Peer 1: 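Once you've had a glance at the structure underneath, I'll fire off some questions.
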Amino acid sequence: MTDMVTLIAKTNPLERELKMASRTVQESDLQRLGELYFTAYDAGAAGDSIEVALADIQASWAGKYGHFLPNASHVALDKNGKIVAAVLVVEHAIGDDTPDAPFIIELITDREHRRRGLAEDLVLTTMDTLFNEGKADVALRVEATNSAALALYLSLDFHRWSPEDTED
């Protein structure tokens, strides 16, 4: 298993225009999100089949990874209205080794739409939504070897979190 790093950031209001149209996640998006989840990663990362990936996305919606927050979860749309990126957020991650904060469980971008700022826009949109709902922080986990993801999160003022950070 790869080493995972937990990161946390302060939420804040959106201070710039987004690069692409976006909206909150809807239950009717689950099929497309399953497809996106399956095709965005290397073979096997999201399961052995599109059906497995879709089942995982449906389980996320149903609360398998924590109480799903559709208002804080967003999708980016291409000019034809097709979902090309998504951020999925839960109220709090399952387990005692995570911060007591909303948690990004998935950030997915279609392979053909990478390097266009969509992931950044989606995280900023989520941070804005959470800020406006009175949530001070947002957290996530990322593979320690995923330098592109780490660079994105560090550029958005995320920093490393450990359980010791909450001890008095």
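Please read these numbers as outputs of a predicted model, since none were measured by experiment. Basis for what follows: all heavy atoms, side chains included, without hydrogens, waters or symmetry-related copies. Here, residue 1 is the first one in the sequence, and each next residue gets the next number.
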Peer 1: When you group the ILVMFWY residues by side-chain heavy-atom contacts below 4.5 Å and let the links chain together, are W61 and L36 in the same group?
Peer 2: yes
Peer 1: Hey, what do you get for NE2 (H113) to CG (L77), rounding to the nearest 0.5 Å?
Peer 2: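 Here the rounded value is 10.5 Å.
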Peer 1: Tell me who clusters with V84, hydrophobic residues only, linked when side chains sit under 4.5 Å apart either directly or through other members.
Peer 2: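 Direct or chained contacts put V84 with M20, L118.
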Peer 1: Could you pull out the closest heavy-atom pair between P99 and A139, with the gap in Å?
Peer 2: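 Heavy-atom minimum between the residues: CG-CB, 3.6 Å.
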Peer 1: Nearest 0.5 angstrom please: I94 CD1 to H67 NE2, how far?
Peer 2: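 Here the interatomic distance stands at 11.5 Å.
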Peer 1: Clusters formed by hydrophobic residues whose side-chain heavy atoms approach within less than 4.5 Å: which one holds I104, and what are its other members?
Peer 2: V5, L7, L14, L18, L69, V87, V89, L107, L122, V123, L124, M127, L130, V138, L140, V142, L150, L152, Y153, L156, F158
Peer 1: Give a yes or no on whether N80 atom CG has more than 12 heavy-atom contacts from other residues, nucleotides or ligands under 6.0 Å away.
Peer 2: yes
Peer 1: T125: what forms a side-chain hydrogen bond (donor to acceptor under 3.5 Å, both in side chains) with it, not counting sequence neighbours?
Peer 2: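 side-chain hydrogen bond (donor to acceptor under 3.5 Å, both in side chains) list for T125, sorted by chain: empty.
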Peer 1: Once rounded to the nearest 0.5 Å, what's the spacing between atom OG1 of T126 and atom NZ of K135?
Peer 2: 14.0 Å
Peer 1: Would you please name every residue forming a side chain to side chain contact (heavy atoms under 4.5 Å, CB included) with R114, sequence neighbours left out?
Peer 2: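 By the side chain to side chain contact (heavy atoms under 4.5 Å, CB included) rule, R114 matches A40, T109, R111.
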Peer 1: What distance do I83 atom CD1 and I108 atom CD1 have between them, rounded to the nearest 0.5 Å?
Peer 2: 10.0 Å
Peer 1: E91 versus F103: any side-chain heavy-atom pair under 4.5 Å?
Peer 2: no
Peer 1: What residues, two or more places apart in sequence or in another chain, satisfy side-chain hydrogen bond (donor to acceptor under 3.5 Å, both in side chains) together with Q26?
Peer 2: none
Peer 1: Hey, which of K82, R32, R116 is the one that makes salt bridge (Lys or Arg N to Asp or Glu O under 4.0 Å) with D110?
Peer 2: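 When K82, R32, R116 are each tested with D110, the salt bridge (Lys or Arg N to Asp or Glu O under 4.0 Å) holds only for R32.
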Peer 1: Can you name the side-chain hydrogen bond (donor to acceptor under 3.5 Å, both in side chains) partners of D78, sequence neighbours left out?
Peer 2: none
Peer 1: Measure across F68 and S60 and return the closest heavy-atom pair with its distance rounded to 0.1 Å.
Peer 2: CB-O, 3.6 Å
Peer 1: Side chains of V25 and H74: closer than 4.5 Å at any heavy-atom pair?
Peer 2: no
Peer 1: With a 4.5 Å limit on heavy-atom distance, are the side chains of T6 and R160 in contact?
Peer 2: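 Answer no - side chains too far apart.
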Peer 1: Are there over 12 heavy-atom neighbours, none belonging to R115, within less than 6.0 Å of that residue's CZ?
Peer 2: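 Atom CZ in R115 is not packed in, count stays at 12 or less.
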Peer 1: Under the criterion side chain to side chain contact (heavy atoms under 4.5 Å, CB included), I'd like the reasoning laid out for L54 against Q31: C-alpha separation, chi angles, the key distance, then a yes or no.
Peer 2: CA-CA 6 Å; L54 176 58; Q31 178 69 38; 3.2 Å; yes
Peer 1: Charged N to carboxylate O below 4.0 Å: is that the case for D29 and R23?
Peer 2: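 Yes, D29 and R23 are salt-bridged.
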Peer 1: Minimum heavy-atom separation for V90 to Y65, with atom names?
Peer 2: CG2-O, 3.6 Å
Peer 1: So how far is it from I50 CD1 to I57 CD1, rounded to the nearest 0.5 Å?
Peer 2: 11.0 Å
Peer 1: Do D157 and K10 come close enough that some side-chain heavy atom pair is under 4.5 Å?
Peer 2: no
Peer 1: What distance separates D128 CG from R16 CZ, expressed to the nearest 0.5 Å?
Peer 2: 11.5 Å
Peer 1: Is there a side-chain contact between E106 and D56 in this structure, where contact means two heavy atoms from C-beta onward sitting under 4.5 Å apart?
Peer 2: no
Peer 1: Is there side-chain contact between V75 and L33, with heavy atoms separated by less than 4.5 Å?
Peer 2: yes
